[in-house]
Trainee: 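Would you mind keeping the following structure in view while I ask a few things?
Lettering of chains follows the sequences in order, A, B, ..., and the numbering in each one begins at 1. What's counted below: heavy atoms across the whole structure, side chains too, no hydrogens, waters or symmetry copies.
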Protein chains: 2
Amino acid sequence: MKKKGRGGGAITMGDIARHAGVSPMTVSRALREPGTVSDKMRRKVDAAVRQFGYLPNRIAGSLSSRRSNIVGLVVPSIRNSLYASMIQSVSDVLRANGLHLIIADSGHSLAEEEALVAALLAQRVCGLVLHNTVHSKRGCDLVRVAGVPVVETGNLVARPLDMAVSYSNFDAAKAMTVHLGRLGYRKIGFVTLPLRDNDRSKERRRGYLAALKELGLPVDHDLVLEAVGGLNEGADALVRLMQTGSDIDAVFFAGDVLALGALFECQRRGWNVPGRIAIASFDDLDLLRHTVPTVTTLRVPRAEIGRRSAELLVNRLRGAPPERVRIDVGFEIVQRDST
Amino acid sequence: MKKKGRGGGAITMGDIARHAGVSPMTVSRALREPGTVSDKMRRKVDAAVRQFGYLPNRIAGSLSSRRSNIVGLVVPSIRNSLYASMIQSVSDVLRANGLHLIIADSGHSLAEEEALVAALLAQRVCGLVLHNTVHSKRGCDLVRVAGVPVVETGNLVARPLDMAVSYSNFDAAKAMTVHLGRLGYRKIGFVTLPLRDNDRSKERRRGYLAALKELGLPVDHDLVLEAVGGLNEGADALVRLMQTGSDIDAVFFAGDVLALGALFECQRRGWNVPGRIAIASFDDLDLLRHTVPTVTTLRVPRAEIGRRSAELLVNRLRGAPPERVRIDVGFEIVQRDST
DNA sequence: CTATAGGATGGTAGCGATACCAAAATCACG
DNA sequence: CGTGATTTTGGTATCGCTACCATCCTATAG
């Protein structure tokens with residue numbers, strides 16, 4: 001039996017309606033679908049809204065309409081600049097459509113991803129973008145039951161949860177390895193990122209091995225290293241490979257930062273690249289075009305992945321039928337001076 | 001007069017309550033404050049929750065409790081890796097406290113920032129972190145009226161909107177310039193990032209000029225350039241400065257990417273660093289410790305800024321009194337081989 | 001000038017949770 | 001074993017908005 005709820009209560013639609021001399025419904029419509037309201041009404045409402053600096057409460061709106069305007073995005077690591085351009089383009093497309101983005105990072109952990117997906121769904125996000133393509137059982141169930149559109153972007157899986165926008169890590173790694181073989185390199189080392197719960201890493205290694213077979217080169221397990229990422233790790237890996245004693249002539253790094261670290265190590269030690277050792281990278285970090293020498297790499301259209309993922313979500317939210325989509329954005333080998 | 005609302009309606013707390021044979025309130029409590037509910041009840045609730053894979057609707061919860069668990073963060077550009085470690089630490093602290101993070105980027109535009117702040121407040125975020133410290137009038141008003149805690153992080157302003165966690169861009173740029181002067185450099189160039197609506201850039205330039213004065217060095221406006229950022233821009237700026245004809249002996253870049261671009265240009269042209277030209281940078285990008293030569297720079301504790309900002313917000317949300325806080329995290333000059 | 005379609009308004013009933021208070025169950029102790 | 005002090009549990013009333021349908025105008029046609 002409260003009276004005017006004097007409390008700190010913020011301004012509501014009802015307040016605006018009263019001051020504008022119209023009904024709350026008219027305020028609601030004037031704000032959301034200005035076209036369905038007469039000019040006179042709209043002006044009255046707009047005036048009151050401006051006068052009070054009114055901001056509609058989207059929480060109430062979402063609850064009432066059973067529709068939210070927030071999309072959830074889970075990446076393995078926010079810090080990794082590799083995801084930045086993808087996040088940016090997702091964000092741009094969403095905002096152009098009045099949607100917001102909650103970003104969370106799973107720290108490369110499956111369990112954490114599951115917890116995040118649950119939290120995001122509890123938040124009733126209207127869509128999800130997941131970079132990882134390996135999920136826990138419960139994670140999959142949650143998504144399925146929630147019925148929100150989902151895009152997976154890390155690897156082009158055969159049978160996505162819902163939609164997938166990516167490239168084939170296997171094909172890409174294989175193509176680069178074959179490319180090195182064609183250039184004449186015979187002892188090609190490979191440095192992979194951690195394989196645990198990460199199909200992208202696994203696929204890349206599989207691609208490397210498949211390429212060796214195709215090239216008719218022997219697999220030397222001493223030439224395959226796992227590194228956790230970071231400049232130092234790349235430098236270390238390179239040095240360890242060089243010390244194997246084998247006459248290694250090229251190294252393919254499955255991560256751009258690793259390759260960069262290795263290149264700097266070469267500069268420090270005065271090892272000629274590619275004379276003494278050739279270096280190839282994965283992912284076209286802008287930097288790789290500027291170093292001396294410039295670095296041969298695999299270019300993946302990260303921004304395009306983000307853009308198209310967001311577009312798929314937006315279309316779905318606009319009513320597009322829920323069909324399984326699988327978009328291959330491809331990749332490109334960029335031959336530069338390091339090989 | 002709907003019956004059981006058969007529709008696609010998701011499972012609600014009421015459903016769980018019915019199946020567990022308890023009241024909805026008990027379910028609500030069992031989920032939020034398990035301690036206030038008897039073991040027997042809690043077990044019944046937990047069982048039903050698991051059986052149905054129930055996820056509480058946080059939207060309804062927020063509306064009802066007039067409290068949300070989402071913090072908004074506005075940075076000038078998501079793509080800029082400089083913000084990544086700050087974002088990551090904000091995100092980490094928030095999540096450890098059950099809060100989520102909406103990230104938006106203003107594209108260095110004041111108007112855009114205002115729109116984003118409005119949108120985030122409409123979303124009823126429970127706190128804000130703004131990197132920019134220059135705001136539009138309406139932006140300030142909105143924040144003030146909303147009454148949510150706000151942390152500004154880009155520059156240590158004298159009188160923050162609410163709270164500030166940062167360092168003094170002026171002091172930092174001045175300190176580095178003086179440092180260069182003490183090392184014996186007499187003709188010190190300066191490359192600034194865009195100054196428009198950006199007090200960080202302005203403060204840095206001010207610091208540079210103040211240092212020259214303190215060092216008793218003349219100001220040569222030909223030695224001060226504005227560049228929009230990016231490796232190419234850094235390289236261009238360096239070349240232009242070298243071509244001024246003046247016997248410039250050092251350049252201080254107000255952005256790490258610019259410095260990096262310049263360094264690579266030197267490598268390409270075979271200009272000895274610091275023999276022919278010394279290079280100093282702003283912001284300790286990891287890379288700068290690995291290049292040849294390593295680059296002298298200003299280290300700003302970005303992760304600490306993020307962490308402390310988030311902590312301030314969390315404390316406020318826990319009931320800490322709204323007092324104006326201003327935390328100076330300081331900076332550090334890292335002398336390396338490029339100067 | 002009346003009938004009627006069609007757009008512009010308003011009223012009512014939730015959306016799915018939580019706050020607040022009352023009722024019931026449990027406990028402590030003389 | 002009774003009585004008041006304490007938990008535990010449940011009922012009711014919102015939170016601020018939108019969906020849905022009823023109502024009211026204002027045109028257009030016959």
Side-chain angles (χ1 to χ4, degrees), chain A residues 1-45 48-49 52 54-69 121-124 126 146, chain B residues 1-45 48-49 52 54-69 121-124 126 146:
Chain A
M1 194 52 59
K2 290 254 199 63
K3 276 292 130 62
K4 304 283 179 66
R6 273 259 154 273
I11 294 152
T12 74
M13 209 164 245
D15 298 328
I16 299 300
R18 198 166 331 113
H19 286 277
V22 303
S23 81
M25 267 319 299
T26 300
V27 177
S28 174
R29 276 189 286 250
L31 262 27
R32 284 178 306 135
E33 333 168 60
T36 66
V37 156
S38 69
D39 283 10
K40 201 179 58 178
M41 290 290 170
R42 181 147 24 80
R43 267 194 297 277
K44 286 203 272 188
V45 171
V49 165
F52 292 91
Y54 169 68
L55 283 181
N57 185 330
R58 290 275 333 142
I59 292 183
S62 296
L63 177 59
S64 182
S65 64
R66 299 144 153 283
R67 208 180 320 116
S68 94
N69 61 343
L121 290 176
Q123 214 64 246
R124 295 302 189 263
C126 58
Chain B
M1 194 51 61
K2 290 252 199 62
K3 278 290 130 64
K4 303 282 179 68
R6 274 260 154 273
I11 295 152
T12 75
M13 209 164 246
D15 297 329
I16 298 300
R18 198 167 330 112
H19 286 277
V22 303
S23 81
M25 268 317 300
T26 300
V27 176
S28 175
R29 274 190 289 251
L31 261 29
R32 285 178 306 134
E33 333 167 60
T36 66
V37 155
S38 69
D39 283 10
K40 200 178 60 177
M41 290 289 170
R42 180 148 22 83
R43 267 194 297 277
K44 285 204 271 186
V45 171
V49 165
F52 292 91
Y54 169 69
L55 282 180
N57 185 329
R58 290 274 334 141
I59 292 182
S62 295
L63 176 61
S64 182
S65 63
R66 300 145 154 285
R67 210 180 320 116
S68 94
N69 60 342
L121 290 176
Q123 212 66 246
R124 294 303 189 264
C126 58

Trainee: From CZ of A:Arg66 over to P of C:dA17, roughly how many Å is that when rounded to an integer?
Mentor: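 That distance rounds to 11 Å.
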Trainee: Whole angstrom is fine here: how far is it from CG in A:Leu63 over to P in C:dG14?
Mentor: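 It is 14 Å, rounded to the nearest whole Å.
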Trainee: With respect to the phosphate group of D:dT18, does any side-chain polar atom (N or O) of A:Ser28 fall under 4.0 Å of OP1 or OP2?
Mentor: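 So the side chain of A:Ser28 is within the cut-off, an N or O lying under 4.0 Å from OP1 or OP2 of D:dT18.
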Trainee: Check whether any side-chain heavy atom of A:Arg124 sits under 4.5 Å from a side-chain heavy atom of B:Leu55, and report yes or no.
Mentor: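 A:Arg124 reaches B:Leu55 side chain to side chain.
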Trainee: What nucleic acid atoms does B:Pro56 come within less than 4.0 Å of, heavy atoms only: base, sugar-phosphate, or nothing?
Mentor: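 Touches sugar-phosphate only.
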Trainee: Rounded to whole angstrom units, what separation is found between the CG atom of B:Asn57 and the P atom of D:dC15?
Mentor: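 For the pair B:Asn57 CG and D:dC15 P, the rounded distance is 18 Å.
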Trainee: Answer yes or no: is there a side-chain heavy-atom contact under 4.5 Å between B:Met13 and B:Leu31?
Mentor: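 Yes. Closest side-chain heavy atoms under 4.5 Å.
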Trainee: To the nearest 10 degrees, how far apart in direction are the end axes of the helix from C:dC1-D:dG30 to C:dG30-D:dC1, each fit to five base pairs?
Mentor: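 The angle, to the nearest 10 degrees, is 30°.
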Trainee: Whole-Å distance between C:dG16 C1' and B:Arg18 CZ?
Mentor: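 Checked: the CZ to C1' distance equals 13 Å.
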Trainee: Can any side-chain N or O of B:Ser28 pair as donor or acceptor with the backbone N or O of B:Pro24 at less than 3.5 Å?
Mentor: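 Not a single qualifying donor-acceptor pair exists.
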Trainee: Strictly below 4.0 Å: does A:Tyr54 bring a side-chain N or O up to OP1 or OP2 of D:dC17?
Mentor: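 Result: yes.
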Trainee: Give the rounded distance in Å between these two atoms: CE of B:Met13 and P of C:dG16.
Mentor: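 Checked: the CE to P distance equals 12 Å.
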Trainee: I want to confirm an ordering. Mapping B:Lys40 and B:Ala60 to their closest nucleotides on DNA chain C, which one lands closer to the 5' end?
Mentor: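 The residue mapped nearer the 5' terminus is B:Ala60.
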Trainee: Starting from the C-alpha separation in whole Å, work towards a yes-or-no answer on side chain to side chain contact (heavy atoms under 4.5 Å, CB included) for A:Val27 and A:Val22.
Mentor: CA-CA 7 Å; A:Val27 177; A:Val22 303; 3.7 Å; yes
Trainee: Quick check on DNA chain D: between B:Thr36 and B:Arg124, whose nearest nucleotide comes earlier from the 5' end?
Mentor: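 Looking at DNA chain D, the more 5' nearest nucleotide goes with B:Thr36.
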Trainee: Which residues satisfy the side-chain contact (heavy atoms from CB on, under 4.5 Å) test with B:Thr36, sequence neighbours excluded?
Mentor: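 Residues passing side-chain contact (heavy atoms from CB on, under 4.5 Å) with B:Thr36: B:Arg29, B:Glu33.
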Trainee: Identify each atom pair where a protein N or O and an N or O of nucleotides 19-21 of chain D are less than 3.5 Å apart, giving names and distance.
Mentor:
{"from": "D:dA19", "atom 1": "OP1", "to": "A:Arg67", "atom 2": "NH2", "distance (Å)": "2.8"}
{"from": "D:dA19", "atom 1": "OP2", "to": "A:Arg32", "atom 2": "NH1", "distance (Å)": "3.2"}

Trainee: Any side-chain heavy atom of B:Ile11 sitting closer than 4.5 Å to one from B:Ile16?
Mentor: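 Contact flag for B:Ile11/B:Ile16 side chains = yes.
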Trainee: D:dC17 C1' sits how many Å from A:Asn69 CG, rounded?
Mentor: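 Between C1' of D:dC17 and CG of A:Asn69: 14 Å.
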Trainee: Does the side chain of A:Val45 come within less than 4.5 Å of A:Arg42's, by heavy atoms?
Mentor: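 With C-beta onward as the side chain, the pair stays apart.
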Trainee: Without swapping roles, check the side chain of B:Ser65 against the backbone of B:Gly61 for a donor-acceptor pair under 3.5 Å.
Mentor: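 Yes; at least one donor-acceptor contact below 3.5 Å.
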Trainee: Less than 4.0 angstrom between a side-chain N/O of A:Thr26 and OP1 or OP2 of C:dG10, yes or no?
Mentor: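 Yes, A:Thr26 has a side-chain N/O under 4.0 Å of OP1/OP2 on C:dG10.
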Trainee: Starting at CE of A:Met41 and ending at P of C:dG7, how long is that distance when rounded to a whole Å?
Mentor: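 About 17 Å, once rounded to whole Å.
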Trainee: When rounded to the nearest 0.5 angstrom, what is the spacing between CG in A:Leu63 and OG in B:Ser64?
Mentor: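 Separation between the atoms: 9.5 Å.
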Trainee: Measure the distance from NZ on A:Lys44 to P on C:dA8 and round it to the nearest whole Å.
Mentor: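 Spelled out: NZ on A:Lys44 to P on C:dA8 is 15 Å.
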